[in-house]
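Each ligand, and each atom within it, is numbered from 1 in the order the structure gives.
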Amino acid sequence: MELRLHDTLSREKRPFVPLDAKNVRMYVCGPTVYDFAHIGNARPVIVFDVLFRLLRHLYGDAHVKYVRNITDVDDKINDRAARDFPGLPLNEAIRKVTEQTGKQFHADVDALGALRPSVEPRATEHIGEMREIIERLVKAGFAYVAEDHVLFSPQAMNADNTGLPRYGALSNRSLDEMVAGARVDVAPYKKGNTDFVLWKPSKPGEPSWPSPAGIKAEGRPGWHIECSAMAWKHLGEHFDIHGGGIDLVFPHHENEVAQTCCAFHQQRMANYWMHNGFLQVESEKMSKSLGNFITIHELLADWPGEVLRLNMLKTHYRSPIDWTMKSLEESAKTLDDWYRLAADVEPGRPAASVVEPLLDDLNTPLAIAALHGLRGGDVAALAGSLRLLGFLSASAGQWESRKQQASGVDAKEVERLIAERTAARSRKDFGESDRIRDLLAAMGVAIKDSKEGTTWEIAR
Ligand code: AMP
Ligand code: ZN
């Protein structure tokens, strides 16, 4: 069976044919590094990690290039830096914020079992490429300079006979309707009310770089141009897959396509546009004000990363996902089972019953159902299939201690109490033995007595 992927632009599932099977290229929009990543941000990380693993399985590890950027220039970063490090010069404070947040992001996504992308470009290291794309756009008449800004004109792109794709095609919007519906308080320097910023002046003290297009004052890039520049540098003018969350389709990805296609006179930027659905928590939209805003970091204090990974993959990537405690508990039980059965088994080839649903637009819920079907049968295929999906990164023993670590239970203390209880039982002091059992239960530890002795696990 061949790989088929759903493309947001053509709105259909199509067979995946890479431009170059020796160099399959994928770009995914990465985090803006100003705060802990939340569990919604983990969704594209996990989803596109599964796709990366699947592509490597199909085309070979050396033939897939995955680029996920780090946005390290943004107003939110500047605001956070000024708030958290008021005594430092702004640029130094910004470096601290982006370095700390970047490190935390890596720690989080490593724990989720996500492979590092082939390249993780930083926006601030690609200002030269941004300037070049902007220069090209101005020369070709798709962008103009006004009051030290450079603006892109979607109307210029949609003029007759440009031979270019239509602005609005990706998000399925009509430019005329966008023009009619635009806000009235548009910045006065904009010629058209849908024009968007490619470059803008920096305020005093803010990060700034020499400007393109003959602008004297230093400035900084808009958000959309960053991804066009980084994708171009690392993947070229036209590549295979571009991904991100569904919220990025408009305006971010619509504007990326516009910039790249107009700068390089291309019909397409990426051949497949893939978008993951949104995540909500206990049936509510996640937000700071509702108090249901959960970071990956917080969840990792209570659950091993693989539990979060499985919990994410139980839902198809294009559907919305409802993140619940109940579902997390079930995911933890499933992983216990898989670790017990397959962690210490030499992995075999992934089972066809697991790979086939993945080939059908990453149908992970069906792949997981197939994994359950393998439980009583070919354990080597189960182990190989689980590894293909990024599970079983630890041995069974490490899994137990990771669970204990995440639960905050001190394994040494548990062993000591169990030894005391065994001693109490052998001297028939059942009052003391019951007291210790209750104490362990209060610590969240369940014990089981058998002929071989007493074993324990974290009670969920
Ligand atoms: P941001 O840092 O907000 O640009 O988001 C980084 C990535 O996370 C983007 O691909 C977003 O589409 C994605 N994302 C943000 N919030 C959610 C959510 N609640 N559910 C799913 N994906 C999300
Ligand atoms: Zn982007």
### Task
Decide, yes or no, whether a salt bridge links K333 with E330 under the criterion of side-chain N to carboxylate O below 4.0 Å.
no
### Message
List ligand 1 atoms under 4.0 Å from G245, heavy atoms only on the residue side.
### Response
10 (O), 12 (O)
### Task
State which residue, out of D72, D74, D35, fulfils the salt bridge (charged side-chain N to carboxylate O under 4.0 Å, His left out) condition with R80.
D35
### Message
Under a 3.5 Å threshold, yes or no: a donor from one side chain and an acceptor from the other, between H106 and E120?
### Response
yes
### Any donor-acceptor N or O pair under 3.5 Å, side chains Y189, H149
yes
### Task
Could you tell me if any non-hydrogen atom of G277 lies under 4.0 Å from any atom of ligand 1?
yes
### Query
Is there a nitrogen or oxygen of D247 sitting under 3.5 Å from a nitrogen or oxygen of ligand 1?
yes
### Query
Going by distance only, is there an N or O of M286 that falls short of 3.5 Å from an N or O of ligand 1?
no
#### Entry: atom 23 (C) of ligand 1: the protein heavy-atom neighbour that sits closest, reported with distance to 0.1 Å
G40 O, 3.3 Å
### Task
Return yes or no for this condition: an N or O of G244 is under 3.5 Å from an N or O of ligand 1.
no
### Task
Note the single closest protein heavy atom to atom 9 (C) of ligand 1, along with its residue, its atom name and the distance in Å.
L248 CD1, 3.7 Å
### Query
Of the protein's non-hydrogen atoms, which lies at the shortest distance from atom 20 (N) of ligand 1, and what is that distance?
L279 N, 2.8 Å
### Query
Where do E237 and T260 come nearest, in terms of heavy atoms and distance?
O-CG2, 3.6 Å
#### Entry: Ion pair check, E306 and R402, cut-off under 4.0 Å
yes
### Message
Tell me the contacting part of H38 for ligand 1: side chain, backbone, both, or neither, using a 4.0 Å heavy-atom threshold, strictly below.
### Response
side chain
### Message
Can you confirm whether more than 12 heavy atoms, excluding those of M325, are under 6.0 Å from its CE atom?
### Response
no
### Query
Any luck finding a side-chain donor-acceptor pair between H275 and H6 under 3.5 Å?
no
### Query
Quick one: do R131 and E135 make a salt bridge, cutoff under 4.0 Å?
no
### Query
Got a salt bridge between D61 and R56, using NZ or NE/NH1/NH2 to carboxylate O under 4.0 Å?
yes
### Heavy atom of the protein closest to atom 6 (C) of ligand 1 (residue, atom name, distance)
N41 ND2, 3.6 Å
### Message
Under 2.8 Å from the Zn ion (ligand 2), which protein N, O or S atoms do you find? Ignore water molecules.
### Response
C29 SG, C227 SG, H252 NE2, E256 OE2
### Task
Go through ligand 1 atom by atom and flag the ones less than 4.0 Å from a non-hydrogen atom of P44.
7 (C), 8 (O), 10 (O), 13 (C), 22 (N)
### Closest protein heavy atom to atom 4 (O) of ligand 1, given as residue, atom name and distance to 0.1 Å
T32 OG1, 4.3 Å
### Side chain to side chain, L389 and L310, heavy atoms closer than 4.5 Å
no
### Task
Measure N276 to ligand 1 on non-hydrogen atoms and call it side chain, backbone, both or neither using the 4.0 Å cut-off.
side chain
### Query
Is the shortest distance from a Lys or Arg side-chain nitrogen in D148 or K216 to a carboxylate oxygen in the other one below 4.0 Å?
no
